[in-house]
Amino acid sequence: MAKAYWLVKSEPGVYSFDQLIRDKKTVWDHIRNFQARNNLRAMKKGDQVLYYHSQVGKAVVGIAEVAREAYPEKTSDKGDWSAVDIAAVKALKKPVTLDQVKATAALQAMQLVTHSRLSVQSVTPAEYAAILKLGS
DNA sequence: GCCAACGTTGGC
DNA sequence: GCCAACGTTGGC
């Protein structure tokens with residue numbers, strides 16, 4: 001099956017891509033939004049994940065991949081939530097800013113633009129390729 | 001720091 | 001099952 005593409009958001013003050021590089025991989029948990037959770041559960045091992053810095057930077061800064069598919073989040077005291085593990089792949093040579101995304105015709109339909117608050121988004125192969133091109 | 005957008009919750 | 005109120009997120 002072909003790889004799927006995703007985008008996750010994090011505030012760099014909380015957990016930056018640099019930190020992920022240092023850690024090699026991390027647990028992606030504390031997702032408290034149904035749509036985001038459903039996306040998490042759709043992830044397959046090896047899927048590529050764009051890493052976006054929200055609030056500070058507002059740019060796609062690196063690439064990660066799914067290291068472990070969704071499993072129940074043990075740390076949640078209530079509710080039915082999931083976590084995945086993601087591993088750092090590499091940083092983009094140049095961060096792709098939100099402004100650039102908005103200025104690129106091929107990326108107008110990205111959920112980053114249309115659903116800016118969603119913290120785990122799906123990305124089409126064409127969008128993924130366009131981001132990589134802008135970031136290289 | 002403010003405010004708009006949006007998802008979730010809870011009362012009816 | 002609808003809808004108003006509330007909380008959270010994220011861009012500016």
Side-chain angles (χ1 to χ4, degrees):
Chain A
M1 189 169 121
K3 280 181 185 175
Y5 302 96
W6 308 95
L7 179 145
V8 297
K9 297 199 294 193
S10 178
E11 294 185 37
V14 176
Y15 193 88
S16 68
F17 187 73
D18 289 343
Q19 185 67 45
L20 179 59
I21 293 277
R22 281 194 290 274
D23 292 347
K24 301 282 198 303
K25 73 176 210 173
T26 192
V27 177
W28 207 255
D29 59 3
H30 296 105
I31 300 297
R32 291 293 180 271
N33 172 284
F34 291 119
Q35 286 176 253
R37 186 201 69 185
N38 290 343
N39 284 335
L40 276 188
R41 290 182 176 177
M43 287 183 182
K44 297 293 180 195
K45 188 172 181 181
D47 282 356
Q48 301 299 111
V49 180
L50 296 172
Y51 199 102
Y52 176 81
H53 278 175
S54 64
Q55 317 236 30
V56 181
K58 283 178 293 178
V60 178
V61 292
I63 301 165
E65 71 175 27
V66 178
R68 184 181 174 190
E69 294 176 18
Y71 53 94
E73 187 186 320
K74 298 192 198 72
T75 57
S76 66
D77 44 0
K78 59 170 185 163
D80 176 24
W81 300 108
S82 296
V84 298
D85 291 355
I86 62 172
V89 175
K90 63 174 181 178
L92 291 177
K93 282 186 191 142
K94 296 182 293 182
V96 178
T97 66
L98 183 61
D99 285 347
Q100 281 179 280
V101 170
K102 286 181 173 172
T104 303
L107 298 176
Q108 291 304 299
M110 269 193 86
Q111 292 187 310
L112 192 61
V113 178
T114 59
H115 293 84
S116 66
R117 292 183 62 230
L118 186 58
S119 57
V120 180
Q121 312 182 345
S122 62
V123 175
T124 68
E127 288 163 352
Y128 181 80
I131 293 287
L132 283 201
K133 192 176 172 188
L134 286 171
S136 62

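From a predicted model like this one, the values you see are computed outputs, not experimental measurements. Each chain gets a letter, A, B and so on, in the order the sequences are listed, and its residues count up from 1.
- Atom CG of Leu118(A) is separated from atom P of dG7(B) by 8 Å (rounded to the nearest Å).
- Proximity of Tyr52(A) to the phosphate of dT9(C): no side-chain N or O atom is located under 4.0 Å from OP1 or OP2.
- Rounding to whole angstrom units, CZ of residue Arg32(A) and C1' of dT9(C) are separated by 15 Å.
- In this structure, Leu98(A) reaches the sugar-phosphate backbone alone: every heavy-atom distance under 4.0 Å involves primed, P, OP1 or OP2 atoms, never a base.
- In the hydrophobic clustering of ILVMFWY residues, with side-chain heavy atoms under 4.5 Å counting as a link, Leu7(A) and Ile86(A) come out apart.
- Just one residue in the list Met43(A), Lys3(A), Lys44(A) forms a side-chain contact (heavy atoms from CB on, under 4.5 Å) with Val66(A), and that residue is Met43(A).
- If you measure from atom CG of Asn33(A) to atom P of dT9(B), you get 10 Å, rounded to the nearest angstrom.
- Lys58(A) has no side-chain polar atom (N or O) that falls below the 4.0 Å cut-off from OP1 or OP2 of dT9(C).
- Using a 4.0 Å cut-off, no side-chain N or O of Gln55(A) falls inside it from OP1 or OP2 of dT9(C).
- In this structure, His115(A) atom NE2 and dA4(B) atom C1' are separated by 15 Å, rounded to whole Å.
- Glu65(A) and Lys90(A) are not joined by a salt bridge, as no carboxylate oxygen comes within less than 4.0 angstrom of a charged side-chain nitrogen.
- With ring centers used as reference points, Tyr52(A) lies 6.0 Å or more from Trp6(A).
- When the C1' atom of dT8(B) is taken as reference, atom CG of Asp80(A) falls 16 Å away, rounded to whole Å.
- Atom CZ of Phe34(A) and atom P of dC6(B) are 19 Å apart (whole Å).
- One interatomic measurement links the two molecules: NE2 of His30(A) to C1' of dT9(C), which rounds to 17 Å at whole-angstrom precision.
- Look at CD on Glu11(A): it is 11 Å from C1' on dT8(C), rounded to the nearest Å.
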